[in-house]
Structures are given as structure tokens and as C-alpha cells.
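Structure, as C-alpha cells:
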Amino acid sequence: MPKSTTPSPHLVSAQDTWDAPAGLSVEDVTLRFGGIKALSGVTFSAQPGSITAVIGPNGAGKTSVFNCISGFYRPSSGRIMLDGQDVTRLRPPRRATLGMARSFQNIALFRGMTVLDNIKLGRHGHMKTNLLQAFFYAGPAAREEEALRREVEERIIDFLEIDHIRNMPVSVLSYGLQKRVELARALAMRPRILLLDEPVAGMNREETEDMARFILDVKEEWGVTILMVEHDMGLVMDISDHVTVLNFGQVIASGKPAEVQADPQVAAAYLGSGDPAALMKRLAAEGAT
Amino acid sequence: MIIGTAKESYRADEALLTTQPQRVWMAIFLAALVALPFALNDYWLYLACLVAINVTAATGLNILTGFTGLVSLGHAAFMAVGAYTVAWAETRLGTPFFINLIAGGLVAAAFGILVGLPSLRVKGLYLAIATIAASFILHFCFIHFDGITGGATGINVPPLSIFGIELATYFRLYWVIMPITAVMVLGAANLFRTRIGRAFIAIRDRDISAEVLGIPLLRYKLMSFSIASFYAGMAGGLWAYFFRVVTPESFPLLTSIFLLAAIIVGGMGAIIGGIAGAIFMTLAPELLRFGMEWISPLVPNAGALLSPVRTVVFGALIVGFLIFEPQGLAEIIQRIRRYFRLWPFRT
Amino acid sequence: MSGDLLFFIEISLAGLGSGALLALTALAFVLIYKATRVVNLAVSEVLMLGGYLFFAFAAGLGLSAWVALPLSILGGGLLGGIVERGVIRPMLGENPISVFMVTVGLGSILVGMAELIWGAEPKSLPAFISTTPLFLGEAYVSRKIAVAFVVAGVTISVFLALFRFWRGGVALRATATDQAAAYSCGINVPGVFSVAWIVGCATAAGAGVLLGAIGGISTTMGVFGLSALVVVIVGGLDSILGALIGGLALGLIQSWASTYLGGEYTSVVTFGLLIVAMMIRPYGLFGTHEIERL
Amino acid sequence: MKTTRRMAMGLLAGAASLGLSMGAAQAQEDIVIGGSLPMTGVFAFAGISIEAGMSDYIKLVNDAGGIDGKMVRLAYEDTGYKVDQSVAVFNKLTSQEEIHLYYGDSTGFAKTIAPELVRKGSMIMGGASFASELNNPEAYPYAFIPGPDYTEMVNILLEYIAKEKPGASIALINSDTEFGRDPIAAAKARAAELGLDVVLEIITPPGSVDVSTEVLKLRRARPDYAISHGYILAPQPEFMSQAKALGLETKFMGTFWSMDSSLWKTVGETADGYMGVMPYRYYYDDADNAPMLDKIREMRPEYQSTGYMQGFLSAMLMVESAKRVLAEGKEMNGANLKAAMNTIKDFDTGGIMGLPISMPGNSIPVGRVYQFSAAEGKMLPVSDWINVE
């Protein structure tokens with residue numbers, strides 16, 4: 001297995017320092033499709049270096065919010081602020097270079113590529129190689145690729161424990177591993193804020209626990225702000241610093257996990273009835289598992 | 001998994017040829033390319049040059065269609081643009097060969113960007129048909145802008161000359177065409193070791209999520225179009241020096257279909273696919289010629305069957321590969337390689 | 001009526017006539033696309049084969065035109081059925097471009113076969129449409145063109161009606177809308193596929209006979225299919241009405257272009273139009289816009 | 001692994017020996033006429049007749065003892081009328097045989113291979129193309145046209161028209177191809193000189209089948225003559241039948257490749273009255289003192305097309321040139337052969353062409369206007385032989 005023993009001196013550059021985590025705020029965002037309001041006046045924020053979860057029943061507008069944040073949908077009104085900068089009108093690639101990375105609910109890996117190439121892709125926006133250098137694989141291109149390879153190997157592949165699959169095509173991997181590769185790819189973007197769309201959906205207990213550990217480690221060791229949409233209440237209540245609850249495209253509650261759990265509106269949204277005690281019991285039970 | 005490929009550095013691991021047998025085979029192959037012209041007669045040299053030109057064109061189309069997922073049925077039109085540019089520069093400006101050739105590639109690339117613009121709005125089949133449309137419009141221009149293109153009769157191209165040495169025989173042309181082809185293929189292989197190539201594949205596999213990873217779709221789609229057209233333009237330029245006349249009828253729609261068939265048969269999205277496909281599809285009709293010669297004592301009038309049989313075989317190859325071997329010859333080559341592993345170095 | 005106006009009306013009528021043939025060929029594309037989501041470029045070659053079958057039956061076997069015509073149409077349908085079962089069905093679910101290229105390959109096979117059997121040189125079909133000119137008021141219309149117009153118009157109207165009222169037409173529409181749902185409603189989806197290919201190719205073969213009657217047959221006459229492809233792209237790949245209106249419109253435009261600009265402008269105008277239409281409405285004037293989902 | 005290795009070695013050795021055997025020129029005594037012939041494809045009808053014509057003439061020569069005792073042989077392969085195939089055939093044949101005479105099948109091929117001919121300097125080439133561009137001894141020193149070029153053909157027709165009906169109005173109908181566009185500019189200039197009025201120009205896109213809009217243009221312009229060029233048959237019959245139906249008096253004319261009577265025979269009554277230029281005699285022509293024509297009818301009891309005559313005459317010109325070169329004891333090469341061909345003066349073709357012919361440049365600008373009679377199924381002469389030199 002490739003391991004470099006002697007680091008080359010030219011690999012150290014300004015790029016290798018990691019940027020500080022970014023804060024994100026969604027301000028009064030409304031999104032209409034034709035006559036239907038998918039989101040109305042959604043406001044919440046993610047503090048730098050924290051984990052914020054967006055929860056809500058199916059169809060509440062969680063993924064719509066994510067799509068507004070990452071730039072697929074343009075809100076009909078309202079603003080998205082990234083570290084105080086208005087990014088509402090920026091195209092997705094531009095947001096990516098500002099430090100926004102995301103994973104997808106239904107895994108969006110590139111099936112024709114190996115795990116390694118998929119991860120490398122994440123770095124795209126930060127690289128400089130131009131066409132001519134690429135064609136001849138001239139000095140800067142080769143150096144940049146080597147540095148990337150080193151970073152991916154030493155910081156990401158080791159960290160996420162996926163050395164054994166690095167040369168496999170992603171299409172042969174299990175669901176849990178694909179999710180992990182997607183996280184690896186997002187990390188390769190050197191994100192300041194990471195948007196995770198249902199990071200543990202469809203995973204078994206063990207895989208979920210691994211993923212929870214990785215998410216916490218990313219926050220702690222890499223200093224990245226995390227915003228996630230998740231259905232798994234146990235995970236949400238365990239690792240989030242802050243929870244925002246959506247229903248019918250509106251924010252119905254926001255706060256620390258415990259506060260949200262106690263909110264009768266949330267219970268109503270989930271159960272269709274106003275019995276907070278029953279919900280609390282259920283949430284507590286899930287949180288305990 | 002092949003054992004025994006430990007490498008000392010990431011740089012070695014990022015190299016094009018990572019195993020010893022690969023390097024040895026490549027050396028043998030290159031030596032064969034150098035030896036070839038001394039062993040072949042004019043007919044086979046002619047075919048070798050033609051194969052090389054088609055390899056360049058097919059590799060370009062493979063970058064666009066195989067790697068970026070944008071189907072073009074107008075590739076021949078870009079070859080024509082390159083060929084006309086070279087013919088025009090050669091006869092009007094008299095600039096040196098290499099400048100003409102690069103200019104041919106660049107002008108074709110510019111047209112490629114123009115034709116790629118609809119890829120903003122349409123994709124898949126619609127884009128393929130838009131490229132057919134563009135090639136018909138270009139064909140019209142070739143006939144009617146006769147101040148530049150020589151109208152229906154086209155332009156006769158003087159022989160290629162470098163430092164006053166005239167390169168008119170196939171033997172001499174080979175030494176220009178083959179190295180350029182080698183560089184173009186190497187360049188394409190290099191492209192896919194870097195972020196640009198990866199971005200193309202990302203666009204092919206899932207263009208929407210590529211955007212989230214910071215890949216500007218429009219820019220990269222147009223870049224792919226321009227690179228593919230550059231390759232086509234270079235191939236067309238070589239073609240112009242090779243056939244020495246360029247007319248509006250030199251690059252029909254059939255050539256575009258031929259090139260697409262070549263990468264289908266060879267294997268889309270693999271550099272070796274473009275090469276194998278172009279070699280196979282260029283030589284297959286010639287092999288049929290010999291096949292027909294062999295059966296001619298048995299079948300009356302076999303010579304007269306050649307052309308329709310070729311047409312049938314051409315179609316059958318496309319259909320057959322798509323149904324039974326969609327990964328093309330590249331996959332077959334892979335299988336053979338896996339079978340032999342490290343042969344002949346370890347058995 | 002002034003000479004210029006009469007002339008304009010006459011060339012417009014001629015344009016509508018050839019437009020009807022375009023529409024008929026476009027119909028073949030649409031039928032097949034609607035059911036199976038395959039753009040079948042081999043429609044062009046089935047059209048050519050229709051002409052040759054008619055030639056074989058009428059000139060070769062000496063059958064009456066009124067026997068040869070249905071036989072040619074049947075032959076086209078048979079070919080469609082065989083191709084669907086043998087080649088297209090194994091490709092179901094593949095990338096649409098691959099399937100499209102399969103049909104390109106099929107086209108090449110058909111051209112080669114026709115050359116093997118009949119040779120490549122152009123032939124004329126035995127005359128079965130009278131040449132006596134037709135006058136609408138003062139305006140002259142070529143009788144063959146008029147016949148083509150009527151036949152194409154009637155055929156397309158019948159298809160429009162069938163789609164609306166006949167059970168099989170409804171099944172086809174249902175399949176076109178949602179294959180899985182149609183399947184679960186008990187519609188025989190593979191059956192619908194076969195029928196669409198058979199009927200589509202039969203239509204193309206019929207169009208080929210009409211086309212051959214006007215301009216003779218040759219193994220390269222499939223080029224006509226490219227114009228029809230433009231029609232369906234502009235009109236919408238899944239719209240019969242689009243094929244009709246698009247066909248007539250393109251016929252008119254080609255006719256005007258060839259008269260007032262010159263015949264050499266026909267293709268550039270046709271394909272220029274295609275690109276403009278595509279930039280404005282990528283899914284055709286009457287086609288269904290499919291929203292891309294994340 | 002042993003077997004595979006041996007197999008690979010065997011393959012390599014085989015390939016090498018194949019290359020070597022190809023490389024060595026074959027032992028050679030015959031005079032070989034090479035040919036890229038369109039035996040299939042759109043031009044197959046011509047290719048097959050050309051081959052027959054050439055073979056028959058070569059047989060006559062060989063039966064009479066060859067040239068100086070050397071036998072003449074035709075070595076050809078099918079091209080499907082595709083330029084790249086023609087070039088491949090050319091390269092294959094010339095690397096297998098020593099060839100000094102060549103027959104090519106299209107304008108595209110003639111132009112493509114012309115520089116190669118100049119470079120090789122070893123052969124002359126004629127062929128199925130009458131392209132005006134080739135009729136330029138400076139640009140195409142080793143090419144010859146076995147008859148008038150397309151411009152000269154149209155000039156013959158114009159000459160005829162000017163005589164029959166001075167000041168007549170003319171429509172030019174051409175296909176939108178290199179073939180079709182060939183004589184347009186020159187024809188317009190010549191028509192003006194002859195006082196003829198070109199009232200209409202029609203260009204038909206390739207593959208167009210419906211000509212009714214074009215017929216409407218004809219009807220409006222009502223030309224006395226319509227000269228079409230760039231077609232084999234279609235869409236000319238459609239033009240004629242619609243024009244006839246509309247009561248137009250226009251006489252339709254064509255050039256060599258659309259003048260075969262067997263083609264028009266299949267069209268039937270509509271074809272009656274179609275005219276055009278023909279440099280050679282028809283198979284069935286009554287002519288005194290035409291021994292070659294008699295021989296052809298003897299060898300081939302059934303009708304032979306105009307392509308046959310073209311091939312026959314091409315072979316005759318090639319053999320005659322070779323004969324003259326050998327008689328002078330010179331080397332067989334392009335320059336000598338072409339010079340010998342240019343010495344052909346008042347040469348008797350045995351009745352294949354109506355006049356004794358001369359080839360001072362690259363062409364023989366002689367032809368005659370024929371008219372199709374549907375009743376007889378034959379082309380009948382309506383003019384004398386016209387020389388437009």
C-alpha cells in the first residue's frame with residue numbers, strides 16, 4: 001500500500017491551512033412552486049462549530065431548505081447568509097468554493113469512478129490546474145495532484161477508515177460505506193460548513209454509531225459547522241447542539257434538543273395530536289437506544 | 001488484487017503506468033510503432049496513417065461523449081473546420097505546418113464552443129440532434145462561403161513540408177502523423193489524472209451533484225466541447241495534409257456516425273477504447289476486403305458484395321456491441337489482461 | 001388573382017403536400033417514442049424498405065398496386081415487430097443514447113441488406129397514382145402530392161381518434177405516461193411496446209411507398225427521415241398533434257425557402273429552425289416537459 | 001501459458017511475412033490497368049458496365065497479340081463509390097502491382113489522388129469523372145477525360161439550342177453537389193455569348209424527392225429548354241411528367257450520366273422527348289464504318305449501356321498511349337504516357353465516337369445531341385457531331 005515516508009518540501013502552502021468554521025443563517029426564506037408554498041418565512045441559524053439538526057415529518061420542507069441553502073432552488077424571498085455574506089444569488093459551484101459542502105439523501109456519488117477519484121473530486125474548486133497543464137501533466141499539475149493524494153490519503157481515508165476500498169468502484173459498495181465515501185468527498189472540499197441530508201438513513205445500528213462518531217469527530221477535530229436533516233431521533237438528540245423543527249414549510253420550534261422535545265407543537269406535528277407526554281416518552285425511548 | 005505493486009511515493013502511485021509489465025508492454029508497443037513503417041508497404045502505411053488520424057478524432061469524441069456524457073453526432077463537421085483552416089492557412093498564408101495544425105485545432109475548438117451552447121438547455125438525444133443540425137449548417141457554409149472555402153470544389157492542399165523537406169509519401173507522413181497522435185492520446189490520458197478530467201466524469205455521472213461540488217457545469221461542458229473539437233480539428237488538419245484536398249463532401253454525416261460507432265465498439269469512457277475502436281473500425285472494412293478475396297472462388301461475384309456487406313457489418317457491430325458488450329473492446333482487453341495477469345513476467 | 005399571389009398559393013399548397021408526408025413519417029417516430037421512449041432513427045430506413053417492398057411486389061412479382069401496397073405496409077409492420085422483440089427489448093432500461101445508437105446501427109444493416117438484394121441504384125416505382133394535374137380554383141396541385149396529403153391527413157386523424165377513444169390507444173397513452181402504473185393496472189405493457197413498433201414501422205413503410213411514388217426509390221432515400229426527425233423535435237417527441245402541425249409547418253417553410261431563397265437553402269433553414277426551436281422550447285412546441293429531480 | 005506464447009509468436013511471424021510479401025513487387029510482365037471501380041453503391045450500374053467495356057476492349061487487344069507481345073490486364077476492386085475506399089483500393093493495387101494506367105471512379109477521388117499521381121509520376125489516370133476542373137493540364141498533368149468535360153457537354157447543348165432556336169430561354173437545373181454545381185458558372189457565360197436567355201436557375205438539395213415547387217417555378221418562367229445536370233435519373237422524370245401535365249412546352253435535356261437509354265426505358269412514356277449530349281455512339285446506332293461497334297455487338301448480343309462505351313473508349317485510349325510509348329522505346333511513366341496520349345490526332349475509334357478524335361489537352365470536346373423515343377425505347381440522334389473546342 002502506498003505510503004510516503006519523506007514529505008516533499010513544496011507541498012506546504014497557504015492552502016494547507018484550514019479555514020475557520022462558518023456560521024449560516026437562513027432569514028425569512030419563502031419558496032413557491034407555482035401556487036404552492038413549499039417554505040414560508042423560514043428563519044433559523046447554525047452557529048459556527050456547532051451541530052444543528054433540522055427535523056420534521058415527511059414533506060415538511062427539510063430538503064427544500066437544503067436545496068435553497070446549496071443553491072438548487074432560488075428562494076422567492078428571504079436571504080441565505082454565510083458568515084455574514086449574502087449568498088442567496090450565488091450559483092452552487094460558487095457556494096462550494098466559499099466552503100459549503102453537502103451530501104445527498106439518495107447518495108450522489110459518481111458511479112463510474114473509484115472511491116479515491118470520488119473523494120478527489122471534492123477538492124475540485126480549490127485546485128488550480130488549467131487545461132494546458134493538465135494536458136501535459138506539467139509540473140504544477142503533477143504537484144497539485146500529489147499534494148491532493150497525500151491529503152486525501154492521510155487526512156481523510158485514514159480518518160474515515162476506508163483504506164481497504166479506495167480503489168474500488170463505488171457501485172460495488174454497501175449503502176453504509178457509500179454514505180461514508182460521500183462524507184469523505186464532502187470533507188475533501190475542506191468545508192467550513194457541512195450539510196448532511198439524512199446521513200444515517202437506511203443504516204443498521206453499528207453503521208449509525210460509526211457515522212455519529214465521525215460526525216462528532218468532524219466537528220471536534222476539523223472544526224466544521226454541521227447542519228443536518230435527519231429522521232433518526234436518537235442520533236439527533238444525541239449529537240445536536242441545536243434543533244430546528246419544520247412542519248408544512250414553517251419553523252414550529254427551535255432550541256436545544258431537550259427544549260424541542262418538550263414542545264407540544266412538535267409533538268402535535270409528529271403525532272397529529274397534542275399529547276406531549278406520549279411523544280416525550282417515545283423520543284426519550286428512541287434517544288436511549 | 002495484484003500483489004507486489006508497492007510504491008515508494010504518491011507520485012509513483014499517480015503515474016500512468018503503475019506496474020512493471022505495463023511499462024514493458026508499452027515499450028514494446030512504442031518500438032513496434034517505430035518499426036512499423038519499415039515493415040509495411042504503401043497500402044498498409046496508408047491505413048496506418050488513416051488509423052492514426054481516426055484515433056485522434058475518436059479520442060476527442062470519447063472525451064466529449066464517453067467521459068462527459070454529451071453525445072455529438074457532428075464531430076465530422078469539426079474535423080472539416082480543422083481541415084479547411086489548415087487548407088486555407090497553407091494556401092493563403094503559407095504559414096508553417098505546425099502553426100496551421102494548431103490553428104486548425106483552435107478554430108475547431110471555437111466552433112465547438114459555439115455548437116456546445118445548446119448543451120445549456122438540452123441534453124442527451126436532443127443535444128445529439130442539435131449537433132447534427134449544426135453540422136448541416138456548417139456544411140452549407142462550406143459550400144457558400146466560397147471566398148474562404150473554395151465553394152463546391154474545395155481547396156487543394158500543397159504537400160506538407162517541414163524545414164523545406166516535402167513530406168508527401170505515406171512513409172514520411174507517418175513520422176508526422178503518428179507522433180502527433182501519440183501526444184494527443186497521452187494528453188487525453190493526462191487530462192483524466194487531473195481535476196479537469198474528474199470534473200468531466202462527474203458531469204457525465206450526475207451533473208447536478210457535480211455542481212454542488214464546485215464544478216461550474218456550463219464552463220466544463222463547453223470546455224469538453226472545445227477539447228473534443230480541438231482534437232477533431234487536429235485530426236482534420238492532418239487529414240487535409242494526408243488527402244491533400246478538402247471539399248464540402250469530405251466529411252459527411254456518416255463520418256460522425258463512424259466515429260461514434262468507433263468509441264461504442266472500442267469502449268466509451270476509456271482512453272484505450274477510443275484507440276481500439278478507431279483501429280478496429282478503420283481496419284475492419286479492409287479485413288472484409290481480404291475476406292471477400294478468400295471466398296471469391298466459392299461465391300460468384302463476391303467482389304460486388306463487398307460494399308453492402310460492409311454496410312451490414314458496420315451496423316451489426318454497433319448493434320452487437322451495444323447489446324452484448326456495452327463496455328466495448330476496452331472491457332475485452334481488460335478481461336484478457338486479467339486472464340494473463342502478469343504474463344510473461346510471472347506465470 | 002395576381003400572378004404572384006397565385007404563385008404563392010401554389011407553392012404553399014405544394015409545401016403542405018410534402019409537409020403531410022413529413023407529418024406521416026414524424027407520426028412513426030412519435031408512436032414509437034410515446035410507447036417505448038426510443039427515438040428510432042431506423043424509421044428512415046424502414047421508410048426506404050417500404051418503398052423497396054412495394055417495388056418488389058409490384059414490379060418484381062407483378063402484383064397489382066392495391067395488393068402490393070398493403071403487403072408493403074404489412075412487411076414494414078412485421079419488421080417493426082421483429083426488431084422490437086429481438087433487439088429493442090433486450091435494451092430496455094439502458095441509456096436512451098445507447099438505444100438510439102442501436103437504431104442507427106439497424107438502419108445501416110437495413111441499407112446494406114437492401115443494397116444486397118436490390119442493388120444501390122435508384123429505381124422508379126410502377127405508376128399507380130395518375131399524373132393528371134389537379135386544380136383548386138386556379139391553383140395547380142400535383143396529383144401525387146394531393147394524394148399524399150389526403151392519405152397522410154386521414155391516417156393522422158384516424159390515429160388521433162384512436163388515441164382518444166379506442167381501448168388500445170388509451171393503453172398506449174397510459175403506458176406513455178407511466179409504465180409502472182400502467183403495468184399495475186393490468187395493461188400488457190410489452191404488448192403495447194410491440195404494437196407501437198409494429199404500427200409505427202408500418203406507418204413508415206406506407207410513407208415510403210408514397211414517397212417512392214413521387215420521387216422514385218433509392219437506398220439513400222432515408223435522408224428524408226432526418227427532416228421528419230426535425231419535425232418531431234420541433235413538434236414534441238410525444239405529440240401526434242405536434243407531428244401534424246410541425247410537419248405541415250416545416251413543409252411550408254421548406255417550400256418557401258426553396259422558392260424564394262433557392263433549393264440549396266432548404267436544409268440550412270430546416271436545421272436553423274431546429275436549433276432556434278430547441279433553444280426556445282427544448283421539449284418541443286407540444287411535447288411534455290419532464291422536470292429533472294434531484 | 002506455453003501455447004498462448006507460441007500462438008502469439010506465430011501470429012507475429014505471420015503478420016511479418018504478410019507485410020513482407022505485400023512489400024515485394026510481383027514479378028511482372030503484363031501491362032496492368034488499375035481500377036477503383038464502383039461495382040456497388042449508387043454508381044454501381046455504371047461501374048459494372050465500365051468494367052465490362054474495359055474488359056472487352058482488353059480482350060480484343062490480347063486476342064490480337066497484346067501490345068508488343070505483352071498482355072494487358074485489368075486489376076480492379078470495388079469502391080462502393082466512396083472516396084476513401086477508392087483511395088484505399090488505389091494504394092492497395094499500386095503497392096501490389098506495377099501500374100502505369102489507372103481508372104478512377106469519381107471526381108472526389110480524381111482530385112484526392114491527383115497530387116499522389118504527380119508525386120509518383122508513374123501513371124496516367126482517366127475515369128468516370130468528367131469534372132471541368134480536371135480539364136486543366138497544368139493542375140492535373142496526368143489526368144485525362146475520355147470525352148468532353150461537363151462544361152463542354154453543356155456547351156454542346158447550348159450550341160445546339162442556339163442553332164435550333166436562336167434567343168431561346170433556358171432553365172438550369174442542378175443538384176446541390178460538387179457534381180451538380182460543376183458547369184453552372186461556365187454555362188451561364190456561354191449562354192450569354194450565344195445570345196441565349198437563362199431565365200431560371202434551380203438548385204435541388206440532395207435527396208429531395210418532391211419537385212412540385214420547382215415545377216411551379218418552371219411553369220412561371222416557361223423556358224424553352226431546361227438543362228439538368230448532377231443527376232442520374234431522379235428527379236428528372238418527375239419534372240417531366242409534371243411539366244407535361246401542366247402543358248409546358250419545355251424540352252428537358254441532360255448530360256452524359258443521365259443519358260443511358262435503358263434507364264429511361266424504365267420510365268416509360270414520360271421519357272419521350274428527353275434530350276441530352278452523348279460523346280459516344282449507342283450500342284444500337286446505325287453507323288457505317290464502325291467495326292468496333294460491330295465487334296461489341298458480336299461479343300455482347302444484348303444492349304450495353306453508355307457506361308460500357310465509356311469504359312471501352314477509356315481502355316482504348318490507355319492502350320493506345322501505352323502502345324505509342326513502347327513503340328518509341330521510352331520508359332512507361334506518367335509524363336511519357338501523357339505526351340503520347342496528346343499525340344493522338346484524328347484517331348479512328350472504330351466508330352465508338354462519331355468523329356476521328358484528337359486529345360490536345362485533357363479532354364475530347366466532341367458530342368452529339370440525342371433524343372429519347374419512348375416508342376422505340378432508344379436514343380436517336382437529332383444533331384450532327386459537335387466539336388466545341
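Lettering follows sequence order; numbering is per chain, from 1. Since the structure is predicted, the reported quantities are computational estimates derived from the model, not experimental observations.
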task = Report the C-alpha distance between B:Ile257 and C:Val104 in whole Å, list the side-chain angles of each, state the deciding distance to 0.1 Å, and finish with yes or no for side chain to side chain contact (heavy atoms under 4.5 Å, CB included).
result = CA-CA 8 Å; B:Ile257 295 177; C:Val104 172; 3.7 Å; yes
ask   = How about C:Phe271 and B:Phe140: are their ring centroids closer than 6.0 Å?
value = no
Any heavy-atom pair between the side chains of [Y] and [X] that's under 4.5 Å?
{"X": "C:Met113", "Y": "B:Val312", "answer": "yes"}
{"X": "B:Ile318", "Y": "C:Val102", "answer": "no"}
{"X": "B:Pro118", "Y": "C:Met279", "answer": "yes"}

query = Taking the side chain from C:Ser108 and the backbone from B:Thr311, do they hold a donor-acceptor pair closer than 3.5 Å?
reply = yes
Side chain to side chain contact (heavy atoms under 4.5 Å, CB included) between C:Ile233 and B:Tyr126, intermediate numbers included = CA-CA 8 Å; C:Ile233 299 287; B:Tyr126 287 88; 4.1 Å; yes
Separation of [Y] [atom2] from [X] [atom1] (nearest 0.5 Å):
{"X": "B:Ile264", "Y": "C:Met101", "atom1": "CD1", "atom2": "CE", "result": "3.5 Å"}
{"X": "C:Leu229", "Y": "B:Ile129", "atom1": "CG", "atom2": "CD1", "result": "4.0 Å"}
{"X": "B:Phe136", "Y": "C:Leu274", "atom1": "CZ", "atom2": "CG", "result": "11.0 Å"}
{"X": "B:Phe314", "Y": "C:Ile109", "atom1": "CZ", "atom2": "CD1", "result": "10.5 Å"}

message = On a heavy-atom basis, which atom in C:Ile275 and which in B:Ile137 lie closest, and how many Å separate them?
response = CD1-CD1, 4.1 Å
note = Taking every heavy atom of B:Leu125 against every heavy atom of C:Val39, the minimum-distance pair comes out as CD2-CG2, 2.8 Å
Best-contacting candidate, B:Ala130, B:Gly124, B:Ala133, against chain C by heavy atom pairs under 4.5 angstrom = B:Ala133
Option in B:His144, B:Arg310, B:His139 with maximal non-hydrogen atom pairs under 4.5 Å from chain C = B:His144
ask   = Do you know which of C:Gly105, C:Gly107, C:Pro96 has the most heavy-atom pairs under 4.5 Å to chain B?
value = C:Gly105
task = Between chain B and each of C:Val111, C:Leu106, C:Ile97, C:Thr270, count heavy-atom pairs under 4.5 Å; write down the option with the most.
result = C:Ile97
Contacting moiety of [X], where chain C heavy atoms sit under 4.5 Å:
{"X": "B:Leu254", "result": "neither"}
{"X": "B:Leu73", "result": "side chain"}
{"X": "B:Leu322", "result": "both"}

Engaged part of [X] at the chain B interface, taking heavy atoms whose separation is under 4.5 Å:
{"X": "C:Leu273", "result": "neither"}
{"X": "C:Glu94", "result": "neither"}
{"X": "C:Ile117", "result": "neither"}

Around atom [atom1] of [X], are there more than 12 heavy atoms from other residues, nucleotides or ligands closer than 6.0 Å?
{"X": "B:Leu253", "atom1": "CG", "result": "yes"}
{"X": "C:Arg85", "atom1": "CZ", "result": "no"}
{"X": "B:Phe142", "atom1": "CZ", "result": "yes"}

